[in-house]
Number of protein chains: 2
Amino acid sequence: MTAEPSRRARRHDPGRRDRLIDAALTVIADKGVAGTTHREIARVADVPLGSMTYHFDSLDQVLAEAFTRHAEQAATVFDQRLGAATDRAGAVEAVIGLVRDDLIGSPGDLILAVELYVAAARNPALKAVTQAWMQRSRDALERHFDPATAREVDALIEGLVLHSVLSTDPMTPDQIRHAIERYLR
Amino acid sequence: MTAEPSRRARRHDPGRRDRLIDAALTVIADKGVAGTTHREIARVADVPLGSMTYHFDSLDQVLAEAFTRHAEQAATVFDQRLGAATDRAGAVEAVIGLVRDDLIGSPGDLILAVELYVAAARNPALKAVTQAWMQRSRDALERHFDPATAREVDALIEGLVLHSVLSTDPMTPDQIRHAIERYLR
DNA sequence: CGCTCATGTGTACGCTCGTACACATGACGG
DNA sequence: CCGTCATGTGTACGAGCGTACACATGAGCG
């Protein structure tokens, strides 16, 4: 905890740009893309509003960089989990974890990946992030399955987790695993 | 074509409320939930702005009624298709059609169902619509499959179609069908 | 025919937003 | 030690929004 800056302005603040991107991710997870504004990000990061336009050309750019960073961070965790997995079951488990983490945000109900999908529908930069993100789990599965199967397993996992999150009657992780095993048999 | 009203105000316009909801759906499909405003809906429906607040208490109410209407319309088409289906393959095909229609909006890329998921994350009324919507396809599949299988097939279809829509390298309908058949074997 | 009031309209208010931009400031080279 | 200028800040502007509400209007009744 080097920091407890709070009130006083910090004249020189290298890495502020990075902190702003992190703050943006917090806001997205908290309020959704629709509730993400320059002012809210600045408030969360405890910097003046002007700092936003100083560091970024536009709000879209902030969103794109935030999602990109999230994808990179998720990828790191994912690669660790996948590295630990030596068989198909382990790979499947890693992908389930990846999808689950991306679908279930901090405040109970939010769905970061789905926010990204919607935002990407109208923002080409985000579309590239989305596709890279999806490609990663497919690539990982292809270490253990043929391409067609990898694709289908990937889609199955996403569908199952998505339904699981949105349902009143959520599936348990065991049920998800069972469905995938059944598919692979 | 009874109507070409365009310019002149129509003093008495029964059914205008309905037309506004339809206009709202057009706007959602066109601009997304984020781009849906009172003014835009009024413009599309060619009515004055004041008409919106006269007919609806809030924009949220418009969104909820619009999504509800869409779900009802989709359900009608779905029930027809499903009525024509007498076997498992037919039921699966009907669900694929339902999901596809809800995922692929008019302007190429839009994803009505995903817009709904995001909106529902912060709007309890929409959450109910979402769940009813999902329940419908599951119920339909349960005519032909046991509940656990129905749930899994439903999720598989949604995942496959979602990935198919978002991918640069979309799966063909045949590939989707093949994946589901493989699952059912 | 004329009165009445549900129905429908136009406008304006208060707010938040993205963005621009003139100004402050302090690190650093000379 | 001082001048300079990249770095960082505060504020204001114009646009677009949801919503409220005073007013217009014409259908239907007596």
Side-chain angles (χ1 to χ4, degrees), chain A residues 3 5-28 30-67 115 118-119 122-123 125-126, chain B residues 3 5-28 30-67 115 118-119 122-123 125-126:
Chain A
S6 239
R7 280 284 100 206
R8 278 300 96 205
R10 296 191 273 171
R11 283 296 145 192
H12 251 58
D13 188 359
R16 168 175 291 190
R17 198 172 189 284
D18 281 347
R19 288 196 304 114
L20 288 177
I21 294 174
D22 286 341
L25 271 175
T26 303
V27 174
I28 292 169
D30 229 46
K31 310 283 180 80
V33 169
T36 300
T37 66
H38 277 147
R39 285 169 173 82
E40 183 66 14
I41 296 168
R43 200 188 59 75
V44 167
D46 190 29
V47 301
L49 172 61
S51 198
M52 294 303 298
T53 47
Y54 177 70
H55 286 288
F56 303 97
D57 288 341
S58 74
L59 192 58
D60 272 354
Q61 189 194 343
V62 180
L63 289 178
E65 294 202 26
F67 276 116
E115 292 272 354
V118 169
R122 300 180 197 291
N123 184 331
L126 291 182
Chain B
S6 237
R7 279 285 97 209
R8 276 301 96 205
R10 294 189 275 172
R11 281 295 145 194
H12 251 60
D13 188 0
R16 166 175 292 191
R17 197 174 189 283
D18 280 349
R19 287 196 304 114
L20 288 177
I21 294 174
D22 286 341
L25 272 175
T26 302
V27 174
I28 293 169
D30 231 44
K31 310 284 181 79
V33 169
T36 301
T37 66
H38 279 148
R39 284 169 172 84
E40 183 65 14
I41 297 168
R43 200 187 60 74
V44 167
D46 191 29
V47 300
L49 171 62
S51 198
M52 293 302 299
T53 47
Y54 177 71
H55 286 289
F56 304 97
D57 288 341
S58 74
L59 193 58
D60 271 354
Q61 189 192 344
V62 181
L63 289 178
E65 293 202 26
F67 275 117
E115 292 272 355
V118 169
R122 302 181 194 289
N123 183 331
L126 291 183

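Model, not experiment: these values are computed from the prediction. All chains are named by letter (A, B, ...) in the order of the sequence lines, taking the proteins before the strands, and each is independently numbered beginning at 1.
For D/dG18, its base sits under 3.5 Å from the side chain of B/Arg39 at one donor and acceptor pair at least.
When each of D/dG8, C/dG8, D/dT19 is scored by its nearest atom to the side-chain atoms of B/Arg16, the top-ranked nucleotide is C/dG8. Candidate nucleotides D/dT9, D/dT19, C/dG18 were compared by shortest atom distance to the side chain of B/Thr53, and D/dT19 ranks first.
Distance A/Phe56 CZ to C/dA20 C1': 18 Å, rounded to the nearest Å. As a whole-Å value, the separation of A/Glu40 CD from C/dC17 C1' is 13 Å. We find that OH of B/Tyr54 is positioned 17 Å from P of D/dC21, with the value rounded to whole Å. As rounded to whole Å, 14 Å separates atom P of C/dA20 from atom CE of A/Met52. Residue B/Asp57 contributes atom CG, which lies 13 Å from atom C1' of D/dA20 at whole-angstrom precision. Between the P atom of D/dG18 and the CD atom of B/Gln61 lies a distance of 14 Å, rounded to the nearest Å. Distance, A/Leu59 CG to C/dA20 P: 13 Å, rounded to whole Å. To the nearest angstrom, C1' of D/dA20 lies 12 Å from NE2 of B/His38.
In this structure, CG on A/Asp46 lies 8.0 Å from CZ on A/Arg19, to the nearest 0.5 angstrom. The CG atom of B/Leu63 lies 10.0 Å from the CD atom of B/Gln61; values are rounded to the nearest 0.5 Å. Within the model, atoms CZ of B/Arg17 and CE of B/Met52 stand 9.5 Å from one another, a figure rounded to the nearest 0.5 Å.
For the OP1/OP2 pair of D/dG8 and a distance below 4.0 Å, the side-chain nitrogens and oxygens of A/Arg17 include no atom meeting the criterion.
Heavy atoms only, all atoms of each residue included: B/Pro48 and B/Arg16 are closest at CD-NH1, 4.1 Å.
Along DNA chain C, the nucleotide nearest to A/Asp60 and the one nearest to B/Leu49 differ in position, and the one closer to the 5' end is contacted by B/Leu49.
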